[in-house]
Amino acid sequence: MPVWKRLISFAALACAASAPLFAQGLPGWRIGAAAGVVNDVKGTFRIEGFDHYDFNIWGDYVTDEKVAIRAMIGQMKVRGSQSGDQVSLTPGGPTVTLPEFTDRINYGTIGASYEYFEGDFTSGLFAGIGVYRVKPDALDPTYQAFQDPSHTAFGWHFGADASFRIVSKLSLLVRLTYHYTTVDPRRQLLSATGGFMYRF
């Protein structure tokens, strides 16, 4: 079974095992979905670098008034790590600029969030670990040697978010997340997303 499927299975098992605790009256569960933009920030940060997407869904188990355990799955589309670089296609040949090419990264993460409640407004800081499955999009064979290889990488993430209650159980959420993968080519990605969260 692929590693990311194992991670999702583990999260589902943990949720199922926690169900009796929820029945005893602990704070409860939340689910949500968000979409936004992502920027490759390895070595540099450019506002215009937010030019591809991040989409994710997640489930939280709220253990008390300030702490939530979160499992998330999602997909990012990002620039290839060598996209736009100056290279020689043949030994001793002329230097050319690589065209833009992209990767899709499917990911699953588990982490914890520490939250601050201010009535209808909540802010939080979070961090965790994850598995990232990198798959390059199709490209002209001339440039395939410069694509990122298909691979699975472990990584970690951290970030901050804020939610605004719309009605009693539904909130609008904005989130900024930094992802780092530990297998070369190591990716450093910053995503800015917005979406909705529902609390049971």
Side-chain angles (χ1 to χ4, degrees), residues 4 7-8 11 27 29-81 83-84 100 102-134 148 153-167 169-183 185-199:
W4 66 273
L7 187 66
I8 295 170
W29 299 90
R30 303 182 303 209
I31 59 172
V37 290
V38 62
N39 189 352
D40 187 337
V41 294
K42 185 176 181 178
T44 186
F45 174 80
R46 299 173 297 110
I47 292 295
E48 61 271 21
F50 287 100
D51 54 0
H52 293 295
Y53 70 79
D54 180 13
F55 171 78
N56 54 68
I57 59 175
W58 74 90
D60 289 350
Y61 177 67
V62 184
T63 61
D64 61 33
E65 290 185 354
K66 292 186 176 181
V67 179
I69 305 301
R70 177 173 302 138
M72 176 183 292
I73 58 173
Q75 182 183 85
M76 291 183 279
K77 181 178 180 180
V78 300
R79 290 168 58 92
S81 62
S83 179
E100 179 174 323
T102 54
D103 300 337
R104 295 179 194 271
I105 303 178
N106 296 315
Y107 62 92
T109 64
I110 293 179
S113 176
Y114 188 82
E115 301 176 341
Y116 307 86
F117 295 93
E118 298 290 344
D120 290 336
F121 172 78
T122 300
S123 59
L125 300 173
F126 58 88
I129 58 174
V131 176
Y132 300 81
R133 177 60 181 164
V134 181
D148 299 327
F154 288 96
W156 48 268
H157 68 280
F158 67 85
D161 55 21
S163 62
F164 309 86
R165 185 183 302 171
I166 301 173
V167 293
K169 295 185 177 182
L170 182 67
S171 297
L172 175 68
L173 180 138
V174 292
R175 178 174 289 152
L176 192 65
T177 309
Y178 173 84
H179 297 270
Y180 181 88
T181 64
T182 59
V183 174
R186 303 186 183 202
R187 305 306 301 263
Q188 299 179 42
L189 304 168
L190 184 65
S191 71
T193 56
F196 295 94
M197 177 175 66
Y198 182 83
R199 181 166 184 162

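Being a predicted model, the structure only gives us computed values, none of them experimental.
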For residues [X] and [Y], report the shortest heavy-atom separation together with the two atoms involved.
X    : Y    : answer
W58  : A33  : CZ3-N, 3.4 Å
D64  : K66  : OD1-N, 2.7 Å
T193 : G36  : CG2-N, 3.7 Å
I69  : A112 : CD1-CB, 4.1 Å
G195 : L172 : O-CD1, 3.4 Å
A35  : F55  : CB-CD1, 4.0 Å

### Task
Only counting residues at least two apart or in another chain, list the ones meeting ring pair (Phe, Tyr, Trp, His ring centres under 6.0 Å) with Y180.
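For Y180, the residues satisfying ring pair (Phe, Tyr, Trp, His ring centres under 6.0 Å) (neighbours in sequence not counted) are W156.
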| For F121, all residues meeting ring pair (Phe, Tyr, Trp, His ring centres under 6.0 Å), sequence neighbours excluded |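 Residues passing ring pair (Phe, Tyr, Trp, His ring centres under 6.0 Å) with F121: F164.
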Item checked: Separation of L173 CG from D161 CG (nearest 0.5 Å) ->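 Taking CG in D161 and CG in L173, the distance rounds to 5.0 Å.
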What is the distance from atom CZ of R165 to atom OG of S171, rounded to the nearest 0.5 Å?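 One gets 6.5 Å once the value is rounded to the nearest 0.5 Å.
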**Message:** Run the side-chain contact (heavy atoms from CB on, under 4.5 Å) test against V41 and tell me which residues pass, sequence neighbours left out.
**Reply:**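 V41 satisfies side-chain contact (heavy atoms from CB on, under 4.5 Å) with N39, F45, Y178, Q188, L190 only.
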For R104, check side-chain contact (heavy atoms from CB on, under 4.5 Å) against everything at least two apart and list the hits.
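Applying side-chain contact (heavy atoms from CB on, under 4.5 Å) to R104 gives Y53, Q75, K77, D137.
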(message) Between F158 and T177, is there a side-chain heavy-atom distance shorter than 4.5 Å?
(response)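 T177 vs F158: side chains apart.
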Contact check, side chains of F126 and M72, non-hydrogen atoms, under 4.5 Å =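 No, their side chains stay 4.5 Å or more apart.
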**Residue list, side-chain hydrogen bond (donor to acceptor under 3.5 Å, both in side chains) with H52, at least two apart or on another chain** =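 Checked H52 against side-chain hydrogen bond (donor to acceptor under 3.5 Å, both in side chains); matches are E100.
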Exercise for the section: Could I get the full list of side-chain hydrogen bond (donor to acceptor under 3.5 Å, both in side chains) partners for S191, not counting sequence neighbours? Expected result: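 For S191, the residues satisfying side-chain hydrogen bond (donor to acceptor under 3.5 Å, both in side chains) (neighbours in sequence not counted) are D54.
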Original post:
Do we see a donor-acceptor contact under 3.5 Å between the side chains of Y107 and N56?
Top reply: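 Yes, side-chain donor-acceptor contact under 3.5 Å.
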Point to revise | Stepwise side-chain contact (heavy atoms from CB on, under 4.5 Å) check, R79 with D51 | key: CA-CA 9 Å; R79 290 168 58 92; D51 54 0; 3.9 Å; yes
- salt bridge (Lys or Arg N to Asp or Glu O under 4.0 Å) with E48: which residues, sequence neighbours excluded?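 Residues passing salt bridge (Lys or Arg N to Asp or Glu O under 4.0 Å) with E48: R46.
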Counterpart residues, salt bridge (Lys or Arg N to Asp or Glu O under 4.0 Å), relative to R30 (two or more places apart)
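Scan of R30 (salt bridge (Lys or Arg N to Asp or Glu O under 4.0 Å), adjacent residues dropped) gives D60, E115.
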Practice problem: Kindly state each residue pair satisfying salt bridge (Lys or Arg N to Asp or Glu O under 4.0 Å) with at least one member in residues 186-197, sequence neighbours excluded. | Solution: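 Checked against salt bridge (Lys or Arg N to Asp or Glu O under 4.0 Å) - neighbours excluded - the pairs reaching residues 186-197 are D40-R187, D103-R187, D148-R187, D184-R186.
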Could you go step by step and tell me if L125 and Y116 meet the side-chain contact (heavy atoms from CB on, under 4.5 Å) rule?
CA-CA 9 Å; L125 300 173; Y116 307 86; 4.3 Å; yes
request  = Begin with the C-alpha distance, continue with both residues' side-chain angles, and end with the deciding distance and a verdict on side-chain contact (heavy atoms from CB on, under 4.5 Å) for V67 and Y114.
outcome  = CA-CA 5 Å; V67 179; Y114 188 82; 4.1 Å; yes
Let's go through L189 and V78 carefully: what are the C-alpha distance in whole Å and the side-chain angles of both, what is the deciding distance for side-chain contact (heavy atoms from CB on, under 4.5 Å) to 0.1 Å, and is it a yes or a no? CA-CA 9 Å; L189 304 168; V78 300; 4.0 Å; yes
key: Heavy-atom donor-acceptor pair, T182 side chain to F154 backbone, under 3.5 Å   =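 Yes, T182 side chain to F154 backbone: donor-acceptor pair under 3.5 Å.
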